[in-house]
Amino acid sequence: MPSYTADYLFPIASDPIRNGIIVLDDAGRVTDLLDPASPDFTAPADAPERIDGILIPGFINAHCHLELSHLQGKSATGKTLLPFLVDVVTLREVPQAEIEATIREQDRRMWEAGIQAVGDICNKPDTAAVKRESPISYYSFVEMFDFLQEDRAQASYDMYLPAYDAQPEPKSAVPHAPYTVSNALYAKINALNRGHESVSIHNQETVAEDELFLTGRGDFREFFAGFGANLEQFTAPGTPSIYHAMQHMVPRQRTLFVHNTLTTPEAILAATTWGENGVYWVTCPNANLYIENRLPRYAHFLNAGAKVCIGTDSLTSNWQLSVLEELKTINRYQSYVPFTTLLQWATLNGAEALQFDQELGSLESGKRPGLLALEGLAGSDPDSFRFTPDCRIRRLI
């Protein structure tokens with residue numbers, strides 16, 4: 001059976017082990033974690049392979065739009081959210097062969113970058129075939145929207161239903177964002193799901209989003225008009241958008257709020273109280289910088305003890321689909337977030353959010369979470385480790 005050791009082994013669900021040894025079976029399932037400092041330590045029969053750096057489980061990319069991979073570089077950086085959304089809608093139609101080729105290539109690259117599972121947003125069936133063949137575990141979020149037009153809810157639902165039917169399990173139907181889903185479409189989405197799924201929603205990415213729900217005014221009116229929609233039937237509830245979303249989503253479902261660049265401590269507390277089966281906060285820092293040149297204030301989430309996950313968003317809004325690059329960005333701009341916390345955000349929290357934690361997210365006996373060597377860190381121990389621009393991942397299992 002293969003075994004590996006490094007300066008530190010990070011199980012994630014328990015404390016790091018200095019010079020720890022991990023033993024796996026031939027299928028990659030963890031059979032044992034050994035601590036040489038333990039009084040009852042017995043060395044494995046075969047000497048473990050010594051690895052540079054540290055050992056961690058495979059990453060979880062909790063938010064991605066794999067089907068948009070063909071749009072890499074087509075939307076300029078810094079345009080802000082509403083012009084970016086126009087690009088996503090108007091630029092995505094290219095030859096199907098090109099779409100499928102880029103999906104397959106980016107799936108391969110994510111695996112090589114140490115990503116073990118992906119929470120993937122789909123509007124079309126384009127990714128279904130790759131998901132069935134991939135070594136990556138996918139949770140498909142089939143996203144629906146009708147631009148707050150109650151009279152379009154049924155037609156929009158009918159348009160997205162084939163994408164839902166095509167995607168392999170596990171999957172769920174989800175609303176795109178509070179500003180694009182009518183009350184009638186929320187109801188149809190909820191009825192399609194069975195109640196135990198994980199679901200996601202884009203949340204509080206731009207000032208205009210909360211302005212719409214607080215006052216009914218702002219830049220979204222012109223944005224809607226560009227798509228032949230109006231807000232004559234919309235009445236602003238007078239609350240930030242996340243509160244409107246919670247009124248229409250199902251609290252017993254595991255909920256991923258995505259982006260959260262403007263989410264306040266009060267909203268974090270309200271959502272955590274609302275969610276009956278766990279609320280998770282997915283951050284996609286490189287996408288936030290790409291689109292609006294801002295990041296969430298991670299201190300709000302740390303202070304609340306909130307469960308944060310890492311996502312990459314799409315290649316429309318990112319330079320690559322790499323969880324490691326997201327961690328580097330957080331470390332660069334908000335370096336007070338502890339190293340061990342970042343690893344948990346990138347592994348176990350994401351696995352829990354996608355309900356893959358029985359198999360993935362931590363190095364524990366019986367799991368098959370993948371095994372990565374993380375090399376090039378600054379520092380000499382878990383309290384001083386920091387990501388550097390030269391950090392790299394090497395997949396072992």
Side-chain angles (χ1 to χ4, degrees), residues 60-71 88-89 92-107 110 117-178 180-202 227 245 248-250 252-256 258 277 282 311 313-316 321 353-356 359:
I60 310 298
N61 180 356
H63 180 79
C64 183
H65 298 249
L66 182 61
E67 71 185 20
L68 300 181
S69 295
H70 61 288
L71 295 181
V88 172
V89 174
R92 64 184 295 169
E93 299 302 329
V94 302
Q96 189 65 26
E98 179 181 340
I99 293 172
E100 292 172 359
T102 55
I103 287 169
R104 192 169 299 279
E105 173 63 12
Q106 293 305 320
D107 170 81
M110 282 197 288
V118 175
D120 186 56
I121 301 291
C122 343
N123 305 116
K124 295 185 175 183
D126 297 346
T127 56
V130 168
K131 288 172 181 172
R132 289 187 171 92
E133 301 169 1
S134 176
I136 294 173
S137 297
Y138 280 93
Y139 199 113
S140 295
F141 298 112
V142 181
E143 189 179 72
M144 303 185 181
F145 57 90
D146 61 3
F147 292 111
L148 290 176
Q149 307 299 295
E150 299 279 346
D151 59 350
R152 296 187 189 177
Q154 184 64 53
S156 296
Y157 177 84
D158 291 343
M159 180 172 65
Y160 294 116
L161 192 58
Y164 177 86
D165 291 338
Q167 293 296 337
E169 295 285 353
K171 62 186 175 183
S172 61
V174 301
H176 165 256
T180 54
V181 179
S182 70
N183 295 352
L185 186 55
Y186 271 118
K188 293 181 181 299
I189 290 169
N190 294 341
L192 180 59
N193 291 329
R194 289 159 289 186
H196 61 270
E197 296 92 344
S198 293
V199 296
S200 77
I201 187 168
H202 293 78
F227 289 101
H248 296 283
M249 297 178 76
V250 179
R252 70 177 180 275
Q253 291 179 317
R254 195 160 296 187
T255 303
L256 288 69
V258 181
N277 195 29
V282 185
D313 213 56
S314 76
L315 284 177
T316 326
L321 303 180
L354 302 179
Q355 302 189 48
F356 289 147
E359 190 81 351

For residues [X] and [Y], report the shortest heavy-atom separation together with the two atoms involved.
{"X": "M249", "Y": "V199", "result": "CE-CG2, 3.8 Å"}
{"X": "L192", "Y": "A173", "result": "CD2-CB, 3.7 Å"}
{"X": "G119", "Y": "L354", "result": "N-CD1, 3.5 Å"}
{"X": "V181", "Y": "P175", "result": "CG2-CB, 3.7 Å"}
{"X": "A166", "Y": "R132", "result": "O-NH2, 3.0 Å"}
{"X": "Q167", "Y": "S140", "result": "OE1-OG, 3.4 Å"}

Close side-chain approach of [X] to [Y], heavy-atom, < 4.5 Å:
{"X": "E143", "Y": "C122", "result": "no"}
{"X": "V88", "Y": "L68", "result": "yes"}
{"X": "Y138", "Y": "C64", "result": "no"}
{"X": "D146", "Y": "T180", "result": "no"}

Salt-bridge test for D120 and K131: reply yes if a basic N is under 4.0 Å from a carboxylate O, no otherwise.
yes

Hey, are K171 and E197 close enough for a salt bridge, meaning a charged N less than 4.0 Å from a carboxylate O?
no

Straight-line distance of [X] [atom1] to [Y] [atom2], nearest 0.5 Å:
{"X": "S69", "Y": "E98", "atom1": "OG", "atom2": "CD", "result": "11.0 Å"}
{"X": "M110", "Y": "L66", "atom1": "CE", "atom2": "CG", "result": "5.0 Å"}
{"X": "D165", "Y": "Y160", "atom1": "CG", "atom2": "OH", "result": "15.0 Å"}
{"X": "R152", "Y": "D158", "atom1": "CZ", "atom2": "CG", "result": "14.5 Å"}
{"X": "K124", "Y": "I99", "atom1": "NZ", "atom2": "CD1", "result": "6.0 Å"}

Measure from the side-chain N and O atoms of [X] to the backbone N and O of [Y], and report whether any donor-acceptor pair falls under 3.5 Å.
{"X": "E150", "Y": "A184", "value": "yes"}
{"X": "R254", "Y": "A353", "value": "no"}
{"X": "Q253", "Y": "S200", "value": "no"}
{"X": "S134", "Y": "V130", "value": "no"}
{"X": "Y139", "Y": "S198", "value": "yes"}
{"X": "D313", "Y": "H63", "value": "no"}
{"X": "H176", "Y": "M144", "value": "no"}

Does the side-chain contact (heavy atoms from CB on, under 4.5 Å) test come out yes or no for I60 and F356, once each step is laid out?
CA-CA 10 Å; I60 310 298; F356 289 147; 5.7 Å; no

Ring center gap for H202 and H65 short of 6.0 angstrom
yes

For T127 and E100, what are the C-alpha separation, side-chain angles and deciding distance, and is it a side-chain hydrogen bond (donor to acceptor under 3.5 Å, both in side chains)?
CA-CA 8 Å; T127 56; E100 292 172 359; over 6 Å; no

With side-chain contact (heavy atoms from CB on, under 4.5 Å) as the criterion, how do L71 and L315 come out once you've worked through the C-alpha distance, each side chain's angles and the decisive distance to 0.1 Å?
CA-CA 6 Å; L71 295 181; L315 284 177; over 6 Å; no

[X] and [Y]: side chain donor to acceptor below 3.5 Å:
{"X": "Q96", "Y": "D126", "value": "yes"}
{"X": "S314", "Y": "E67", "value": "no"}
{"X": "N193", "Y": "S172", "value": "no"}

